[in-house]
Structure formats: structure tokens, C-alpha cells
Amino acid sequence: MAASKKNVLTAYAKLVRLCKLLPEKEKAQAFVRVREGFRKNADEVNPEKITAALKSANSSIGYVKMMTPKHLQKNSASGPSDGVTRIVIGDKAKSGRNPTSNWTGSNMDPDSVKRHQRSLQRAGFTSNRHAKGPAF
């Protein structure tokens, strides 16, 4: 990862945003630690040390995400996702009907397929060439 100014500022902004979501008793201390950590390395010019500090900041982002209550985190602009793709034609208020999914048993939801492929890859099933036999 290139340690550019944009990457550093993005990491700082993410940490500050996540610190705002922490419980009150941990929030003040988290802000102080983030500020001190970034100010300590503000005048660093060695690219290796900058990359190491950025890697540490990204690790801290992961930790703060784990410590942040899930109901406060926002996955997207529309809120947390339930994993189902829905297409609503028209206005729900006008029609009075609930949104319906256009993915049935006869066709496949692209999001579900991608999620399934990621799960297989994470579980170690990256290829089935060994089961197909030798190529002709």
C-alpha cells in the first residue's frame, strides 16, 4: 500500500468517525490516542516507517470496528443490509404493497452467488480441477 497523504488522512478520518460511535466512557480516551498517534508520526519522512504506521492505523481501525456496537455502524447510505436484493417499482406508499424480490428459485441472485463464491474461497475450496480429472 502506498503511504500517500490521502491514505493517511483517510485512515485518520475513519478512526475519528469510529471513535465517535464508541461508548461514552471510552470515547475521550480513544480520541486522545488517535490524535497522539498521528501527531507523533506527523514529521516522519521515511516511507517504510510511514507505511508501518499506516498499517498500524488500519489495524486500529479493525479493532475499533470490533468495539463499536453493531447497531451504530452504518454499512451503506441506506442502513444495514439484510442480504436480499429487492426492486420496488413505483412508490410503496401509493401501492400499499411491500417490496418484493425479483430473485426466485428459477433465477439466481448475483449478490448471493458472489457471497457463496467468497464463502467457498474462504473455506479453502478455490478450485475443483482435481475432481474433473486430467485435461484433454
Side-chain angles (χ1 to χ4, degrees):
M1 173 191 317
S4 67
K5 185 175 182 177
K6 181 179 178 182
N7 290 346
V8 173
L9 292 176
T10 301
Y12 181 77
K14 281 183 184 179
L15 276 170
V16 169
R17 197 174 313 118
L18 286 170
C19 287
K20 289 179 183 179
L21 301 175
L22 287 172
E24 288 298 323
K25 61 183 179 181
E26 299 170 7
K27 192 183 292 191
Q29 182 184 5
F31 277 123
V32 169
R33 291 183 65 206
V34 168
R35 238 181 270 124
E36 285 177 357
F38 277 87
R39 284 183 182 167
K40 179 178 70 172
N41 297 315
D43 56 350
E44 188 63 55
V45 292
N46 186 351
E48 289 84 20
K49 289 185 179 180
I50 294 173
T51 304
L54 189 58
K55 190 173 181 180
S56 174
N58 286 330
S59 173
S60 296
I61 289 172
Y63 176 75
V64 175
K65 277 185 177 180
M66 287 189 294
M67 299 308 294
T68 305
K70 294 290 182 196
H71 69 278
L72 296 176
Q73 293 183 15
K74 295 179 183 174
N75 295 338
S76 64
S78 62
S81 174
D82 61 356
V84 177
T85 304
R86 292 184 178 91
I87 297 176
V88 179
I89 299 173
D91 187 14
K92 179 184 176 193
K94 290 180 183 176
S95 68
R97 295 187 314 190
N98 288 329
T100 57
S101 174
N102 60 335
W103 309 112
T104 63
S106 63
N107 60 0
M108 295 171 51
D109 179 7
D111 295 331
S112 294
V113 172
K114 287 179 189 174
R115 188 170 47 248
H116 176 70
Q117 289 172 345
R118 284 193 307 262
S119 297
L120 287 175
Q121 187 177 15
R122 186 174 55 237
F125 298 102
T126 57
S127 172
N128 65 347
R129 293 186 184 165
H130 66 281
K132 291 181 178 180
F136 294 94

Report summary line: Nearest heavy-atom approach of A30 to L22 is CB-CD1, 3.6 Å
Query - Exercise: identify the closest heavy-atom pair between L54 and A11 - result: CD1-CB, 3.9 Å
Report task. Taking S59 for its side chain and K55 for its backbone only, find out whether a donor-acceptor pair lies under 3.5 Å. Result -> no
Query raised in the report: Does the S60 side chain pair with the main chain of S56, one donor and one acceptor, at a distance under 3.5 Å?
Result: yes
Query raised in the report: Would one find more than 12 heavy atoms of other residues, nucleotides or ligands at under 6.0 Å from atom CD of Q29?
Result: no
Query - Gap between atom CZ of R33 and atom CD of E36 - 0.5 Å precision - result: 9.0 Å
Report task. Measure the spacing between CG of L18 and CE of M66 and express it to the nearest 0.5 Å. Result -> 11.5 Å
Query raised in the report: Mind checking what makes salt bridge (Lys or Arg N to Asp or Glu O under 4.0 Å) contact with K27, not counting sequence neighbours?
Result: E24
Requested in this report: Check side chain to side chain contact (heavy atoms under 4.5 Å, CB included) between Q121 and all other residues, then give those that pass, not counting sequence neighbours.
Outcome: T126
Query raised in the report: Do the side chains of N41 and I50 get nearer than 4.5 Å, heavy atoms only?
Result: no
Report task. Begin with the C-alpha distance, continue with both residues' side-chain angles, and end with the deciding distance and a verdict on side chain to side chain contact (heavy atoms under 4.5 Å, CB included) for N58 and I61. Result -> CA-CA 5 Å; N58 286 330; I61 289 172; 3.7 Å; yes
Query raised in the report: Is there any ring-ring contact (aromatic ring centres under 6.0 Å, His included) pair reaching into residues 26-70, and which pairs are they, with sequence neighbours excluded?
Result: Y12-F38
Query raised in the report: Taking a hydrophobic cluster as the set of Ile, Leu, Val, Met, Phe, Trp and Tyr residues connected by side-chain heavy atoms closer than 4.5 Å, whether directly or through intermediates, do V32 and V64 fall within one such cluster?
Result: no
